[in-house]
Amino acid sequence: MNFKKIFNSFSLRTKFVVSISALLITTIILFSTYLSKKQADGFRRELESTSETMIRMLAINVEYGVLFESKRDIEDALKILSQFDYVKYAIVSNNNNKILATIGDEIGVFNRVRKIDKFDEFSDNFCMDFYVVDSKGKEYIELNYPVLSNHKDLDREILGITAGFNDQLEITSTTEQIGKVKVIISLESVNAAIAEARNTAILLSVLVSLITTVIGTFFIRIITKPIRLMVNATNKISQGELDHHVPIEQQDEIGQLAKTFNRMVESLKESRDEVDSYNKMLEGTIQIRTKELETIQAQLIQSEKLSAIGQLAAGVAHELNNPLGGILGYAQFTLEKLKNNSPAKITKKEFDNYVRYISDIEKQARRCKDIVQNLLRFSRSTKNVEFEKVDLNILISETCTFIEHQLSMKQIELKLNLDSNLPDIQGNPGQLQQVFTNIILNAMQASPPGTSIEIVTRFSPPLGQFNGTVELLFTDQGHGISKADINKIFEPFFTTKEVGKGTGLGLSVSYGIIKEHGGEIKVESDLNKGTTFAIIIPLQKNETESDKPSKQYVLQN
Amino acid sequence: MSDKKNILVVDDEDVIREFLYEVLSEDYCISTAKDGDEAIEHLKSESFDLVITDLKMERIQGEEVVRFSNETNPATKVIVMSGYASLYSTSQSVNNGAFALLSKPFTIQELISSVEGALSS
């Protein structure tokens, strides 16, 4: 599982190289191990069979030497053996275990394993092989072979002549053992040969593996290069670069894949362009719709405002009619006086009176102008809302001039409780006046005669992180708002008035305007006791600091 | 001065009060009051042939002045003035005990004919 995880994290190239190298090296190791084992076995078998032949020959050659206990004859035979390096030790003894001759040095045996019993194909006697390890860890084969003779009773001289003939042929029923030979053969040279062969095999394996890995890597690189190009291209395309093209010009499977891929990217690009252009179109449509919506919203606010102005009309008329009465009256009066007079007869007193009348006309005309301007400012379109410095106390007073006559007509008392320390705020006077008018008119409509409406302004000075707020409270003693309705009053088109009497937009528009001023409107109401609307407008940081520092100072004291 | 008729002009607007004074003072004896309270004080202490009062004033309204005048001296005629042309009809005012309604702004002719009409009836 872990190995699999590691393997999977490799790149394709590494995977190829690792798997092919692993396969190759395993094959070579298995193969060369098998071969060297086979070769080693062959070497050993050959040495064993050579040694067996040798000991058999020796046993025959020393027959007479043993028979006559002739040390010289035996030593002659042994000398032949000493020509072979691997013969470490040879000993010839008779049946009484008397050592007749030796060559080489006896080895200190550490371990001796009987390896094989072989029946001699010529003599029915067996040759005993032992696998021997000496104390130094060196390996040997120990061979034991009987010395046989069928001339036990013959004299040395007689037999000396015929010895050569009887070597291999004369095996008869009278044959008996007269002694034994033991030869110890060193496996050192064989082992060395085996080791050399094995080393060569290892060296060859390593070389072949290296060469294969290098060549494999090279070929795999050729194969994986287009794949890498594909991967790069895919990355770029997934990042949105649909103009990217896979630069592969091959006819093989990868080339075909690249072609298909390029075709796919092209069609992807086409559909993306289509989506883009559709999006652009949609964006345009949304912009147009948003603009339309903005226009409609502005119209809605404007119409709500005009509705408020409509409700104010009586108050405005009264406001205008008083100065107009003066203007009309004095103008007429002066004109009549002048008609009944002549320039030559005008006395100083009359002249002064005319001046006074005309001054009055001018004064009243100015008053009319102010009223109209105030009204115009209120009714001005809210399309482009610009904020300016606003003194809310003045704004409240101005708003009330239009309404207070209506209030007094309904016998509702208007109480103003304005904080003279109120700092200016940044706002739009027309919009704010719309809000105030709306709230006061609502209060008026909810108030029975003989009650009062109180308007309070107050200032919470800044403290630490708090920048300070300006609060306006409008409290009436009217019929109040039910709990069911109080959560809905700021919703557009919600109205408790009769059909045709209210647009249901007044408070929702007011809410929007106060939100635009960064403030909030809150309402508290007790059924049949009255309602308080609170407008809280937070001050911006520099408004209190730079505008009215002296007031701040006084307040903090 | 005694042959002149007494007229009380009540209006919280200085300009209206002054204008009525200017127009009428040649032919009539004019007293002025700038609100309902003052008017009622005048009505308590003097007798007037005619009261010309605005309807909308702070504190005591014109209607109250009309009511008080009619109660204390029914012979006194009352003309009411209003800037709320659309809100008050003549019949409504007459029902409330007024002789006539003068809608602001009014001409001198309208004023004089109303005053003369009231005093001659």
Side-chain angles (χ1 to χ4, degrees), chain A residues 310-337 339-340 349-350 352-368 371 400-416 449-450 452, chain B residues 9-27 30 32 34-37 52-67 79-89 92-93 96 101-115:
Chain A
Q311 292 179 65
L312 291 177
V316 175
H318 184 273
E319 276 296 296
L320 281 174
N321 282 339
N322 272 321
L324 274 178
I327 292 167
L328 181 61
Y330 274 122
Q332 245 189 341
F333 191 61
T334 314
L335 205 60
E336 265 176 33
K337 291 263 175 193
K339 271 184 192 162
N340 298 330
K349 195 192 167 201
E350 280 171 335
D352 286 348
N353 277 341
Y354 298 154
V355 170
R356 190 159 55 83
Y357 300 153
I358 293 168
S359 301
D360 263 341
I361 290 172
E362 195 219 357
K363 205 162 80 189
Q364 297 309 315
R366 278 188 194 282
R367 217 177 116 191
C368 289
I371 292 163
C400 289
T401 56
F402 292 133
I403 308 172
E404 58 192 354
H405 287 88
Q406 262 170 293
L407 289 173
S408 63
M409 208 173 81
K410 277 198 77 179
Q411 291 169 39
I412 296 161
E413 199 185 340
L414 181 66
K415 293 178 189 166
L416 294 184
S452 68
Chain B
V9 173
V10 189
D11 200 318
D12 54 354
E13 283 284 336
D14 295 347
V15 65
I16 300 296
R17 245 175 17 244
E18 282 162 19
F19 167 64
L20 265 85
Y21 182 84
E22 292 284 348
V23 174
L24 300 172
S25 59
E26 270 184 41
D27 301 317
I30 304 294
T32 59
K34 64 177 191 301
D35 58 43
D37 278 339
I52 306 175
T53 177
D54 189 30
L55 279 174
K56 295 294 137 205
M57 291 174 294
E58 282 184 29
R59 297 211 292 277
I60 293 176
Q61 300 281 342
E63 280 111 334
E64 188 65 18
V65 177
V66 177
R67 200 183 49 79
I79 294 174
V80 291
M81 297 181 289
S82 174
Y84 295 98
S86 57
L87 295 180
Y88 287 91
S89 63
Q92 206 180 343
S93 310
N96 288 337
L101 169 76
L102 272 175
S103 283
K104 288 178 187 175
F106 44 80
T107 61
I108 296 174
Q109 288 75 22
E110 283 169 346
L111 171 67
I112 288 172
S113 70
S114 294
V115 170

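Here is how names work: the chains are called A, B, and so on, in the same order as the sequence lines, proteins then strands, and each is numbered from 1.
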Inset, instruction - Would you indicate whether B:Y21, at its atom OH, is surrounded by more than 12 heavy atoms from other residues, nucleotides or ligands within a distance under 6.0 Å? - result: no
Legend entry - Check: B:Q109/A:E336 side-chain N/O donor and acceptor closer than 3.5 Å: yes
Legend entry - Side-chain ion pair, B:E18 and A:K363, N-O less than 4.0 Å: no
Inset, instruction - Identify the residues of residues 324-332 of chain A whose heavy atoms come closer than 4.5 Å to a heavy atom of chain B, ordered by number, or report 'none'. - result: A:L324, A:G325, A:G326, A:L328, A:G329, A:Y330, A:Q332
Legend entry - Atom pair CG (A:N321) and CE (B:M81), whose distance is rounded to the nearest 0.5 Å: 12.5 Å
Inset, instruction - Using non-hydrogen atoms and a 4.5 Å limit, figure out which bit of A:N322 sits close to chain B: side chain, backbone, both or neither. - result: both
Inset, instruction - Under 4.5 Å heavy-atom distance to chain A, tell me which part of B:F19 shows up: side chain, backbone, both or neither. - result: both
Inset, instruction - May I have the step-by-step check of salt bridge (charged side-chain N to carboxylate O under 4.0 Å, His left out) for B:E22 and A:K337, ending in yes or no? - result: CA-CA 11 Å; B:E22 292 284 348; A:K337 291 263 175 193; over 6 Å; no
Inset, instruction - Taking side chain to side chain donor-acceptor pair (under 3.5 Å) as the test, write out the residues that go with B:R17, two or more places apart. - result: B:D14
Legend entry - Contacting moiety of B:I16, where chain A heavy atoms sit under 4.5 Å: side chain
Legend entry - CD on B:E13 to CD on A:Q364, rounded to 0.5 Å: 7.0 Å
Inset, instruction - Evaluate whether atom CZ of A:R366 has more than 12 neighbouring non-hydrogen atoms of other residues, nucleotides or ligands under 6.0 angstrom away. - result: no
